[in-house]
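What follows is a short report on a single structure.
Letters go in sequence order (proteins before strands), and every chain restarts at 1. As the structure is a prediction and not an experimental result, all values here were calculated from the model.
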Protein chains: 2
Amino acid sequence: MTTNREPRPGDVPPGAALLPVTVDVVALTVRDDALHVLLVERGVEPFRGALALPGGFVLPDERLGEAARRELAEETGVRTPGHLEQLRTYGPLGRDPRGPVLSVAHLLLAPEFGVVHAGSDAGGAAWHPVEHLLRDAAGHPGPDERTGATVAGRRLAFDHERILADGVERARAKLEYSALAAAFCAPEFTIADLRRVYEAVWGVRLDPRNFSRKATGAVGFLEPTGATTSGGTGRPAALYRAARPVPGPVPGRPHGQDPDDAPASVPAVLDPPLMRPSR
Amino acid sequence: MTTNREPRPGDVPPGAALLPVTVDVVALTVRDDALHVLLVERGVEPFRGALALPGGFVLPDERLGEAARRELAEETGVRTPGHLEQLRTYGPLGRDPRGPVLSVAHLLLAPEFGVVHAGSDAGGAAWHPVEHLLRDAAGHPGPDERTGATVAGRRLAFDHERILADGVERARAKLEYSALAAAFCAPEFTIADLRRVYEAVWGVRLDPRNFSRKATGAVGFLEPTGATTSGGTGRPAALYRAARPVPGPVPGRPHGQDPDDAPASVPAVLDPPLMRPSR
DNA sequence: TCCCTTTGTTGTCACACTGACGATAAAGCG
DNA sequence: CGCTTTATCGTCAGTGTGACAACAAAGGGA
């Protein structure tokens, strides 16, 4: 619909700023019943050696969502699955010692994927439990306080701690009123798998009986496959997959879609919502 | 915490894009029991003569929220009141015929304010009913279909129609679980004033008796002043003001704050939420 | 002055949803 | 074959909700 050429100086009023733009990705997954975030160790200044969200500069003629997927692929070595959406824009002042930089943060919710290789300017990507990284910010109290503390107070580069907090809060909120929890699961999953996702993201324990009633009762959420699990301990569980989003736009309700982002794999609105406890 | 100098070419990797960045503002108010948006008529190409959201290029050493307030002031002639928050970032491709431009959209919820003068590059700002501007996008059906249609199909410049739709949807959603409806009202208001805000934004009719029960029952929402209205027709109504936000951060719940944005006048989370009907 | 209209506020009631928890079903394991 | 483990169904009291009756408190006109 329009040309994709470089902006010419004549297009922009004199005095307007031309800003370097980066994308940073809060990639979340559920691993060992705990919420984890993908972090890289910075190999260049500033913040060399510190942990940071994967990300980097947007290239010319590149869309924001493309840039996020590309940076993620470059720094993990794999083409990442999952649901990607824009989170919020930070800056341009007071966040990078090199000068004004605008960062468009994105949020990725995905089943756990293996990290293959260390990128060019980052010393390896790895999953880190978010609980240890958000001790001071207005996070949840946490289910249990371990005595043998790990790397509790490790600080992230730039303003990435705040971006992480915003991303986690967005994920927690979205589980309430959207079907996005399935983005953390394999294509087929049990109600218990889904419940463990909610428990890990919210940091609470949920009653399996009440959760099953609400999850299967919500319209447009789950679709039984007919198959069941086998081989594990205990009674086999029915397998479900995420329900396909409704074809036409719902009249009264929002669609919860980001048309600019990647074609969403798990969208739609949850009705009735699954609210967080302790209201 | 850092220097505010211009980015030097050496700071940015070769190949990274320097992008012009604009802010656009979806300024919403309730006027005559209908949701209105502030639009300007463009005085320069592209889209000269078309209606557009107020906005413009970010200046160097300027924060995003500051730029939004400044552009609003330049194009309306008044220092705008109300709650300002970041909405979403659009672009950089396919939205401006002059080339790639990043737009960080903002949302302003405010009581109606008079527009004073036409800005330098905009031919006058004015309030426009949103209902006429969002006929095709997944908007609500609308309370009644007038026969004598006004400027129903008028198209907005750039991708501003989509930004407007996103802003309206954000406002509709936020009324459910936040105390932001008071941002549309004068400092002191009645329950009926507040109900008319909800009815205008959601495009529905609400039962005054049930609404009164829920609004006064929600914690951290309303604070009675003790005074009542007088002079109008009917029984006088009690006056309220928005409750002050809680001092410390709530442990379990998000604060709903945007620390980068202007010091919010009306924040906090609504408990229990006031849900939109027709679930 | 006395209705009458208008608007705000309190109450009532049936229904749906929720959390707590008992009971049952269906596997593997010794 | 009981025992453990996990999944699933039922029950029941408490609570929020929509629909609606009833009452309260002003102004306006005959």
Side-chain angles (χ1 to χ4, degrees), chain A residues 33 175-177 185 188-199 202-241 252 269-279, chain B residues 33 175-177 181 185-186 188-199 202 204-241 252-253 269-279:
Chain A
D33 293 340
L175 288 207
E176 288 192 330
Y177 59 89
C185 298
E188 295 198 354
F189 50 89
T190 68
I191 299 287
D193 293 332
L194 199 64
R195 175 171 48 82
R196 278 185 276 271
V197 166
Y198 276 87
E199 292 178 332
W202 287 348
V204 297
R205 304 290 294 178
L206 299 174
D207 186 292
R209 301 161 287 190
N210 292 333
F211 181 84
S212 178
R213 187 209 327 150
K214 292 204 277 189
T216 56
V219 301
F221 192 11
L222 300 179
E223 192 173 283
T225 69
T228 60
T229 59
S230 63
T233 169
R235 167 175 166 178
L239 283 169
Y240 296 82
R241 59 174 153 260
V269 180
L270 214 50
D271 177 54
L274 274 154
M275 300 291 276
R276 278 177 273 189
S278 84
R279 290 200 297 151
Chain B
D33 292 340
L175 289 208
E176 289 191 330
Y177 59 89
C185 297
E188 296 198 354
F189 51 88
T190 68
I191 300 286
D193 293 333
L194 199 64
R195 176 171 48 84
R196 280 184 274 271
V197 166
Y198 276 87
E199 291 179 331
W202 287 347
V204 297
R205 304 289 293 177
L206 298 174
D207 186 295
R209 301 159 290 187
N210 292 334
F211 181 84
S212 178
R213 188 213 322 151
K214 293 204 277 188
T216 57
V219 300
F221 193 11
L222 300 179
E223 193 172 282
T225 69
T228 59
T229 58
S230 64
T233 168
R235 168 176 166 177
L239 283 169
Y240 296 82
R241 60 174 152 260
R253 279 277 161 176
V269 180
L270 213 52
D271 177 54
L274 274 152
M275 300 291 278
R276 279 177 270 189
S278 82
R279 289 200 295 152

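Counting all heavy atoms, side chain and backbone alike, B/Arg196 lies closest to B/Asp33 at CD-OD1, 3.2 Å.
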Produce the list of close N/O pairs, under 3.5 Å, pairing protein atoms with atoms of nucleotides 9-14 of chain C; give distances to one decimal.
from, atom 1, to, atom 2, distance (Å)
C/dT9, OP1, B/Ala238, N, 2.8

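Rounded to whole Å, atom P of D/dG16 lies 13 Å from atom CG of B/Leu270. The CZ atom of B/Arg276 sits 19 Å away from the C1' atom of D/dG16 (whole-angstrom rounding). Taking atom OH of B/Tyr198 as the reference point, atom P of D/dT17 lies 12 Å away to the nearest angstrom. Between B/Lys214 atom NZ and D/dA19 atom C1' there is a gap of 12 Å when expressed in whole angstrom units. Here the C1' atom of nucleotide C/dC21 and the CZ atom of A/Arg205 are 16 Å apart, to the nearest Å. Per the geometry, CZ belonging to B/Arg195 stands 10 Å off P belonging to C/dT7, to the nearest Å. When the P atom of D/dT17 is taken as reference, atom CG of B/Asp271 falls 10 Å away, rounded to whole Å. Taking atom CD on B/Glu176 and atom P on D/dT17, their separation rounds to 12 Å, with Å as the unit.
Comparing B/Asp207 and B/Leu274 by the nucleotide of DNA chain D whose heavy atom lies nearest to each, the residue mapping closer to the 5' end is B/Leu274.
Within the model, atoms OG1 of B/Thr229 and CZ of B/Arg235 stand 10.0 Å from one another, a figure rounded to the nearest 0.5 Å. For the atom pair CD (B/Glu188) and CD (B/Glu223), the distance works out to 10.5 Å, reported to the nearest 0.5 Å.
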Please tabulate, for side-chain N and O atoms in residues 212-222 of chain A, each donor-acceptor pair with protein atoms closer than 3.5 Å (sequence neighbours left out).
from, atom 1, to, atom 2, distance (Å)
A/Arg213, NH2, A/Asn210, OD1, 2.7
A/Thr216, OG1, A/Ser212, O, 2.7
A/Thr216, OG1, A/Arg213, O, 3.4

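Under the ring pair (Phe, Tyr, Trp, His ring centres under 6.0 Å) criterion, B/Tyr198 pairs with B/Trp202, B/Phe211, not counting sequence neighbours.
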Start with the C-alpha gap between A/Thr190 and A/Leu239, add the side-chain angles, then the distance that decides, and say whether side-chain contact (heavy atoms from CB on, under 4.5 Å) holds.
CA-CA 5 Å; A/Thr190 68; A/Leu239 283 169; 3.8 Å; yes

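Within 4.0 Å (heavy atoms only), B/Gly217 reaches no atom of the nucleic acid at all.
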